[in-house]
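Accompanying notes for the structure given below.
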Amino acid sequence: MCFGIRGIFFLNKYPKVQFSLYTNSAEYIKERLEQGLLDFGFLLESVDVTKFDYICMKKKERWGLLLRAGHPLAKKESITKEDLLGEPLITTNRQSIQKELESWLERPLSQLDIFATYNIITNVVMLVESGVASALTIEGAVKNISIGHIKERCIKYKHRTGIQKVYLGFMLIFFARVKEH
């Protein structure tokens with residue numbers, strides 16, 4: 001997560017504040033929020049956030065395909081749903097996103113060559129790099145990882161996936177009051 005200008009001002013004003021960053025599945029993040037172990041989290045839609053206060057972020061994410069640099073599809077500017085047919089794929093294990101993919105592809109995932117599923121995309125980079133399969137993911141999800149033999153191509157899909165900042169409202173009020181004293 002990039003702090004940007006606001007983050008720099010915050011850190012200059014409060015230099016002793018430290019952050020603990022976690023990367024995990026939406027269910028894990030929600031569980032840690034409920035236990036009071038996290039103050040807030042960022043979740044990709046669609047996730048049930050009825051237990052939380054949340055803010056829908058303005059930025060919407062596009063879907064992409066990670067593939068080995070030498071793969072024939074790496075030469076294309078963008079990937080169509082027809083390109084994915086018969087292609088060994090790794091996809092998220094989140095049911096809500098799998099249903100969204102089925103809707104877009106106009107067929108159940110059982111009709112695709114699903115090699116594996118993941119909960120965090122960084123877990124599959126080596127499989128993609130080895131050429132075993134290509135991975136469906138949010139575009140740019142691994143841009144900060146050194147991956148010389150992998151290319152990312154956007155998927156021709158009009159829908160964008162939103163991001164929600166979730167938190168327990170009463171926890172923020174509690175912490176604000178504690179700091180006042």
Side-chain angles (χ1 to χ4, degrees), residues 1 22-34 40-52 54-166:
M1 176 174 62
Y22 293 91
T23 302
N24 213 310
S25 68
E27 292 308 313
Y28 173 82
I29 298 297
K30 288 172 30 178
E31 182 180 297
R32 305 255 319 170
L33 281 165
E34 289 172 2
F40 64 90
F42 291 96
L43 307 175
L44 287 175
E45 294 175 339
S46 65
V47 174
D48 180 12
V49 293
T50 54
K51 292 182 180 180
F52 306 98
Y54 63 92
I55 300 168
C56 293
M57 308 305 285
K58 290 180 183 178
K59 183 177 179 182
K60 301 287 184 184
E61 301 291 340
R62 281 194 324 185
W63 282 87
L65 184 70
L66 292 180
L67 37 83
R68 186 175 169 84
H71 193 290
L73 291 176
K75 295 175 185 165
K76 295 184 74 170
E77 286 296 315
S78 60
I79 306 298
T80 66
K81 58 185 169 185
E82 291 77 19
D83 291 330
L84 300 177
L85 302 178
E87 186 67 33
L89 296 172
I90 304 170
T91 186
T92 178
N93 62 3
R94 285 187 45 201
Q95 295 295 316
S96 59
I97 297 203
Q98 286 183 352
K99 287 180 194 243
E100 187 176 319
L101 288 170
E102 287 177 333
S103 175
W104 172 65
L105 292 165
E106 299 174 333
R107 66 185 70 228
L109 289 183
S110 62
Q111 291 182 6
L112 296 178
D113 185 2
I114 303 295
F115 173 76
T117 60
Y118 64 85
N119 69 334
I120 300 175
I121 189 61
T122 54
N123 294 340
V124 302
V125 169
M126 287 189 299
L127 289 171
V128 172
E129 197 167 31
S130 73
V132 170
S134 300
L136 290 164
T137 185
I138 294 296
E139 200 173 35
V142 295
K143 72 180 178 183
N144 295 327
I145 297 174
S146 176
I147 47 176
H149 301 294
I150 292 181
K151 296 289 180 189
E152 183 177 46
R153 295 293 175 252
C154 68
I155 292 180
K156 284 189 178 178
Y157 178 45
K158 292 179 183 178
H159 179 74
R160 301 284 192 261
T161 300
I163 301 172
Q164 297 169 319
K165 178 180 179 182
V166 295

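Positions are given from 1, in the same order as the sequence printed here.
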State, yes or no, whether a side-chain contact exists between [X] and [Y] at a heavy-atom distance under 4.5 Å.
{"X": "K51", "Y": "E34", "result": "yes"}
{"X": "L85", "Y": "R107", "result": "yes"}
{"X": "Y118", "Y": "L127", "result": "no"}
{"X": "V132", "Y": "I90", "result": "no"}
{"X": "L101", "Y": "L112", "result": "no"}

To the nearest 0.5 Å, what is the distance between [atom1] on [X] and [atom2] on [Y]?
{"X": "I114", "Y": "L136", "atom1": "CD1", "atom2": "CG", "answer": "7.0 Å"}
{"X": "K151", "Y": "L66", "atom1": "NZ", "atom2": "CG", "answer": "12.0 Å"}
{"X": "L65", "Y": "R153", "atom1": "CG", "atom2": "CZ", "answer": "10.0 Å"}

Self-check item: Non-hydrogen atoms of Q98 and T92 that approach each other most closely
Solution: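 Smallest heavy-atom distance, with atoms named: NE2-O, 2.8 Å.
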Practice problem: List the atom of T137, the atom of W63, and the distance in Å for their closest heavy-atom pair. | Solution: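 In this case the closest contact between T137 and W63 is O-CE3, 3.2 Å.
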Quiz item: What side-chain hydrogen bond (donor to acceptor under 3.5 Å, both in side chains) pairs are there with at least one residue in residues 66-78, not counting sequence neighbours?
Solution: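 Matches after skipping sequence neighbours: H71-E87, K76-D83.
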Quiz prompt | Residues in side-chain contact (heavy atoms from CB on, under 4.5 Å) contact with K99, at least two apart in sequence or another chain | solution =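 Residues passing side-chain contact (heavy atoms from CB on, under 4.5 Å) with K99: E102.
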Self-check item: Contacts of N93 that satisfy side-chain contact (heavy atoms from CB on, under 4.5 Å) - sequence neighbours left out
Solution: T117, N119
